[in-house]
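Reading through the structure tokens given below for one structure.
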Amino acid sequence: MAPVKVSKICCIGAGYVGGPTCAVIALKCPHIQVTIVDLNQARVDAWNSPDFKLPIYEPGLEDVVRQARGRNLFFSTNVDKAILEADLIFVSVNTPTKKSGVGAGFAADLNYVELATRRIAAVAESNKIVVEKSTVPCRTAESMRTILEANSKPNCRFDILSNPEFLAEGTAIADLFSPDRVLIGSLQTSEGLDASKSLADVYANWVPTERILTVGLWSSELSKLAANAMLAQRISSVNALSAICEATGANIDEVAHAVGFDSRIGPKFLRASVGFGGSCFQKDILNLVYLSESLHLPEVAAYWRQVVEMNEYQKRRFAKTVVDTLFKTITGKRIAVLGFAFKADTGDTRESASITLIKDFYAEKALVRVYDPQVEHEQIWMDLTEAIPGTPVDSIKKQVTLCPSVLEACEGAEAVVIATEWKEFKEVDWAQVYSKMEKPAFVFDGRMILDADALTKIGFKVTTIGRGSV
Ligand SMILES: NC(=O)c1ccc[n+]([C@@H]2O[C@H](COP(=O)([O-])OP(=O)(O)OC[C@H]3O[C@@H](n4cnc5c(N)ncnc54)[C@H](O)[C@@H]3O)[C@@H](O)[C@H]2O)c1
Ligand SMILES: O=c1ccn([C@@H]2O[C@H](COP(=O)(O)OP(=O)(O)O[C@H]3O[C@H](CO)[C@@H](O)[C@H](O)[C@H]3O)[C@@H](O)[C@H]2O)c(=O)[nH]1
């Protein structure tokens, strides 16, 4: 058998990964028909909206969708039709941390992956290459194969590949156009290698072949968890050092710069912050912790768990610094929180450090004023009601106000907290902000984006993460 030449792709899951990834495949491979399906009608409607009000904000995404939609890119809720027609199917559904049952709080919830796999088995009438795009624990492909083989029709064969996605939100399109690498894992059988070649040929339409890495299935699955764990570990390491800097008078910017100059370490991902957020880092490390425990490797589990614990510590430590600096009480004080997204250039708020900070300020009875340039207000209320359980949203609204601009958030405030590194916050007229605030006016820069000296000259009392006052 020779590798199949892919002509129709179905992607199950039109989220942050399925949407941008397959839209880019459609753009770069005009000869391939790509259909992205989802059960969520509202999401599909947004992808299809005539004015391109897409369900996710990602720089450059609208342009890609404008070029390909209706040509060879389609969004639909007709999951079965897309499965039936495709020769290659990406499974790109969510794999959140389990909330209950065995492994709650750590293990990945594979229910959506299983449901999608069962749907493929039930509907398919011809051979399919099934690709795990979702981030999954090591050996999930084996469970998928068992389900597919037990439920498939006669003469219908499935080849399963692992093809984890490494895009980061905010830079998804640039990452997809020019990925550091594309990783494809397959069984090392002749059928597995053929399937791997079929998918590699799709990417080869725009990715240099030396960047397309083909490996074994389990290595591919584990590499995704490993990459995220090591990236998050760098942030927790630099954040741990930021606490030492604050206590000694060293400057984490200078330390990270000096350390990152070592070519073996490199300069990227060494920015101290109020803590990492996003839908992936915490979830994937907890997944790795669970995997390690399941494999009876408690020391390995404890090692990776500490990366998440350090992140929690960093968020708590920052909130405490705000309270301590404001004379040990923020009761009834106005605190402006600038940024609600977990990082700049995204509207995504999953695991955002901002949520933890606001929850802590709320518990201290502060009056919190929030501004974010992208996040929908409805999303903020949803996140806060989930973070402050048992409190109706109307009670939260007595202490938390959502504001339409930086200036309005800061009006009458005693302190400004920078929680997300939006470029807009650097460009604010800080002298004007100062004139509108209570005095003394405090700034807490949780992202190291502001010019502390310039703000101090204006009159602000500035606290920057990782910078001691000694
Ligand atoms: N968000 C990221 O930046 C990122 C990057 C790399 C990898 N990942 C991984 O990719 C996967 C998807 O993440 P996401 O952020 O796109 O999630 P998401 O929640 O944004 O999207 C998942 C979509 O799948 C749909 N879905 C679930 N079950 C379905 C089914 N049976 N049939 C059809 N549609 C179904 C949901 O309705 C949802 O729209 C996760 O495993 C995640 O860990 C995410
Ligand atoms: O030096 C740094 C770099 C990042 N962050 C924070 O870390 C979090 C995650 O940032 P980033 O990794 O840029 O965004 P994600 O979209 O979460 O992307 C990560 O998670 C994805 C999902 O698995 C992977 O595909 C990507 O490769 C991986 O970078 C954010 O809160 C950032 O503000 C820091 O605090 N300091």
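Remember, it's 1-based here, ligands and their atoms both numbered in the order they're listed.
At least one test fails for K283 against the ring of F106: distance under 6.0 Å to the centre or angle within 45° of the axis. With a 6.0 Å cutoff to the six-membered ring centre and a 45° limit on the axis angle, R66 counts as a cation-pi contact of F52. Seen from the ring of F166, R181 counts as a face-on cation partner, given the 6.0 Å and 45° thresholds.
What sits closest to atom 43 (O) of ligand 1 on the protein, heavy atoms only, is K283 NZ, 2.6 Å. Nearest non-hydrogen protein atom to atom 14 (P) of ligand 1 is Y16 N, 3.9 Å. The nearest protein atom to atom 32 (C) of ligand 2, hydrogens excluded, is given as R447 NH1, 4.0 Å; this is a heavy-atom distance. The protein non-hydrogen atom at the shortest distance from atom 3 (O) of ligand 1 is E169 OE2, 3.2 Å. The protein non-hydrogen atom at the shortest distance from atom 9 (C) of ligand 1 is T135 OG1, 3.4 Å. Among protein heavy atoms, the minimum distance from atom 19 (C) of ligand 2 is reached at F281 CE2, 3.4 Å. Regarding atom 35 (O) of ligand 2, its nearest protein heavy-atom neighbour is S273 OG, 2.6 Å. Scanning the protein for heavy atoms near atom 16 (O) of ligand 2, the closest one is E169 N, 2.7 Å. Protein heavy atom nearest atom 5 (N) of ligand 2, with residue, atom name and distance: I235 CD1, 3.4 Å. For atom 5 (C) of ligand 1, the closest non-hydrogen atom on the protein side is V17 CG2, 3.5 Å. Here the heavy atom of the protein found nearest to atom 22 (C) of ligand 2 is C280 SG, 2.4 Å. Taking atom 17 (O) of ligand 2 as the reference point, the nearest protein heavy-atom neighbour is F342 CE1, 3.5 Å. For atom 25 (C) of ligand 1, the nearest protein heavy atom (residue, atom name, distance) is D38 OD2, 3.2 Å. L39 CD1, 3.5 Å is the protein heavy atom nearest to atom 30 (C) of ligand 1. The nearest heavy-atom contact from the protein to atom 21 (C) of ligand 2 is L167 O, 3.5 Å. Annotation: atom 18 (P) of ligand 1 to nearest protein heavy atom, R43 NH1, 3.6 Å.
Side-chain atoms of F442 and V416, non-hydrogen and from C-beta on, never get closer than 4.5 Å to each other. Contact of the R119 side chain with the E114 side chain is not registered, since no non-hydrogen atoms from C-beta on lie closer than 4.5 Å. Side-chain contact between L291 and C138: present, with at least one pair of heavy atoms (C-beta onward) separated by less than 4.5 Å. Contact check for T140 versus E221: side-chain heavy atoms found under the 4.5 Å cut-off. Residues V37 and C10 are in side-chain contact: their nearest non-hydrogen atoms beyond the backbone lie under 4.5 Å apart. Looking at L161 and V130, their side chains never come closer than 4.5 Å, going by heavy atoms from C-beta outward. P164 is listed as a side-chain neighbour of S220, based on a closest heavy-atom distance under 4.5 Å. Side-chain contact between V337 and R369: absent, with no pair of heavy atoms (C-beta onward) separated by less than 4.5 Å.
Electrostatic pairing of E421 and K426 does not count as a salt bridge here, judged by no charged N lying under 4.0 Å from a carboxylate O. Between R350 and E169 there is a salt bridge, with a side-chain nitrogen of the basic residue lying less than 4.0 Å from a carboxylate oxygen of the acidic one. Using a cutoff of 4.0 Å between basic side-chain nitrogens and carboxylate oxygens, R305 and E293 are scored as salt-bridged. A salt bridge links D253 to R467: one of the charged nitrogens lies within less than 4.0 Å of a carboxylate oxygen. Salt-bridge annotation for R157 and D159: present, with a side-chain N of the basic residue lying under 4.0 Å from a carboxylate O of the acidic one.
For atom 11 (P) of ligand 2, the candidate residues are K343, K224, E165; the nearest heavy-atom contact is made by K343. Proximity annotation for atom 11 (C) of ligand 1: of T95, V93, N111, V93 comes nearest, heavy atoms only. Atom 36 (N) of ligand 2 has its nearest heavy-atom neighbour, among R271, Q282, E351, in R271. Across G18, A42, G15, heavy-atom proximity to atom 21 (O) of ligand 1 is greatest for G15.
Only backbone heavy atoms of L270 (N, CA, C or O) come within less than 4.0 Å of ligand 2; its side chain stays farther off. Both the backbone and the side chain of L167 come within 4.0 Å of ligand 1, counting heavy atoms alone. Residue-level proximity to ligand 1 for S134 is carried by backbone and side chain together, each with a heavy atom below 4.0 angstrom. When heavy-atom distances to ligand 2 are checked against a 4.0 Å cut-off, N228 comes that close only through its side chain, counted from C-beta outward. The backbone and the side chain of N94 each have at least one atom closer than 4.0 Å to an atom of ligand 1 (non-hydrogen atoms only). Neither the backbone nor the side chain of Q314 has a heavy atom within less than 4.0 Å of ligand 2. Counting heavy atoms under 4.0 Å from ligand 1, residue C280 touches it through the side chain alone.
If you number the atoms of ligand 1 from 1 as listed, the ones under 4.0 Å from a heavy atom of S279 come out as 1 (N). For ligand 1 and K224, the ligand atoms under 4.0 Å from any heavy atom of the residue are 6 (C). Of all atoms in ligand 1, numbered sequentially from 1 with element shown, those under 4.0 Å from a heavy atom of S92 are 12 (C), 22 (C). Close contacts between ligand 2 and E421 involve ligand atoms 33 (O) [criterion: under 4.0 Å to a heavy atom].
W422 and Y57 have tilted rings, their planes meeting at an angle from 30° to 60° on a 0 to 90° scale.
Residue-environment remark: NZ (K359) stays at or below the threshold of 12 foreign heavy atoms within 6.0 Å.
No hydrogens or angles considered: nothing links the side chains of T464 and D445 as a donor-acceptor pair under 3.5 Å.
Below 3.5 Å of separation, one finds no N or O of F276 facing any N or O of ligand 2. By the 3.5 Å distance cut-off applied to N or O atoms, G277 is counted among the residues near ligand 2. The shortest N or O to N or O distance between F166 and ligand 2 is below 3.5 Å. For ligand 2, none of its N or O atoms has an N or O atom of G275 under 3.5 Å away.
Atom CG of residue N228 and atom OG1 of residue T135 lie 6.5 Å apart, to the nearest 0.5 angstrom.
Contact annotation: R350 has at least one heavy atom less than 4.0 Å from an atom of ligand 1.
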